[in-house]
Amino acid sequence: MKKILNLEKIPIKRNFFYQDTNKVAKDILGKLLIRETSQNMFLGRIVETEAYRGYDDPASHAFRGKTKRNEIMFGKPGVLYVYFTYGNHYCLNIVTEKKGIAAAVLIRSIEPIQGIDKMKKNRGTDDLKKIANGPGKLTKEFQITLNEIGLDVTKKSSYIKIYETNKSEEFKIIQTTRIGIRFAKEFPWRFYIQDNPYVSKK
DNA sequence: ACAGCGATTGACT
DNA sequence: GTCAATCGCTGTA
């Protein structure tokens, strides 16, 4: 017996990603991340993010200027920036701010909503709370690798998209410091939904 | 060419 | 709480 899900999905406009990266990181909480192909459908609610800005943020990959890896951060807002780290994990970001300005929002945690059986398989666990409560976990669950770099989440034809929904419950947002960085540890550029059980860390 | 290390995770004490 | 895994990117030469 499966519960019928009837979330309203409202396409997001590119304008949203032109804004300041911290505003995008905050306002994207509660929105829906979806991967939809003929094979699979994964749907989750974004519950934890971090902002990274190349121009004033020593923790950003783009702080020292453009390189082959980070050049997509300088490009069009609303497209995916994915990087590989620690020899093991991929991390998913969405580019923000206008072209020429390097900035992106790291999606750290997702609350699984739909496609959960396959999500569990991808992650090798039945524990719902551990499926996507971390940046490396959610990319494994959503099967996101470097192949997804440059996908435009505002485009209809894209198989990874962001939707707004008016069915989201009310929530409070906590703003705090980012995780796992060496520089700019004191910048309060991490955001998460208060008391949400799918957030990676309090 | 090469040394150092990372926007992490999972296993272990 | 601690720590190893693992490899591509980056800065320096």
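So you know, we letter chains A, B, ... as the sequences are listed, proteins then strands, and number each from 1.
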field: Distance between C1' atoms of C:dC3 and B:dC5 (Å, rounded)
entry: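 It comes out at 16 Å once rounded to the nearest Å.
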- request: Write down the distance separating the P atoms in C:dT6 and B:dC2, rounded off to the nearest Å.
  value: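 C:dT6 and B:dC2 have their P atoms separated by 23 Å.
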field: Span of DNA chain C, from the first to the last nucleotide whose atoms fall under 4.0 Å of chain A heavy atoms
entry: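 Reading along DNA chain C, I get C:dA5 to C:dG11.
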- prompt: Is there a Watson-Crick or G-U wobble partner for B:dA7 with both distances under 3.5 Å, and if so, which one is it?
  reply: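 Per the H-bond distance test, none.
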task: Nearest 0.5 Å please: distance from the OG1 atom of A:T125 over to the CE atom of A:M119.
output: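 With rounding to 0.5 Å, OG1 (A:T125) is 13.5 Å from CE (A:M119).
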message: Working to the nearest 0.5 angstrom, can you tell me the gap between A:F84 CZ and A:T145 OG1?
response: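 The OG1 atom of A:T145 is 10.5 Å from CZ of A:F84, to the nearest 0.5 Å.
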- request: Let me see the working for A:N70 and A:K66 under side chain to side chain contact (heavy atoms under 4.5 Å, CB included), right down to the final yes or no.
  value: CA-CA 6 Å; A:N70 69 27; A:K66 199 182 279 190; 3.9 Å; yes
task: Scan nucleotides 7-13 of chain B nucleotide by nucleotide, 5' to 3', and note B when protein non-hydrogen atoms come under 4.0 Å of the base, S if they reach only the sugar-phosphate, - if neither.
output: BBSS---
- request: Decide side chain to side chain contact (heavy atoms under 4.5 Å, CB included) for A:T67 and A:H61; before the verdict, give the C-alpha distance in whole Å, the side-chain angles of both, and the deciding distance to 0.1 Å.
  value: CA-CA 9 Å; A:T67 66; A:H61 289 163; over 6 Å; no
query: Under 3.5 Å, is there a donor-acceptor pair between the A:E97 and A:Y55 side chains?
result: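 On atom types as modelled, these side chains qualify, holding a pair under 3.5 Å.
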- prompt: What parts of residues 184-195 of chain A reach DNA chain B, counting only heavy atoms under 4.0 Å away?
  reply: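 Those residues whose heavy atoms fall under 4.0 Å from DNA chain B, taken from residues 184-195 of chain A, amount to none.
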- request: Show your working on side chain to side chain contact (heavy atoms under 4.5 Å, CB included) between A:K118 and A:Q39 and close with a plain yes or no.
  value: CA-CA 11 Å; A:K118 186 79 193 302; A:Q39 316 246 314; over 6 Å; no
message: Is it the case that over 12 heavy atoms from other parts of the model lie below 6.0 angstrom from the NZ atom of A:K120?
response: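 Result for NZ/A:K120: enclosed.
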message: For a 4.5 angstrom cut-off between non-hydrogen side-chain atoms, does A:T21 reach A:Y52?
response: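 A:T21 vs A:Y52: side chains apart.
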- request: Report the C-alpha distance between A:R45 and A:Y198 in whole Å, list the side-chain angles of each, state the deciding distance to 0.1 Å, and finish with yes or no for side chain to side chain contact (heavy atoms under 4.5 Å, CB included).
  value: CA-CA 10 Å; A:R45 182 166 167 253; A:Y198 302 92; over 6 Å; no
task: Give the C-alpha distance, both sets of side-chain angles, the deciding distance and a yes or no for side-chain hydrogen bond (donor to acceptor under 3.5 Å, both in side chains) between A:N133 and A:K137.
output: CA-CA 7 Å; A:N133 62 332; A:K137 298 179 193 178; 3.0 Å; yes
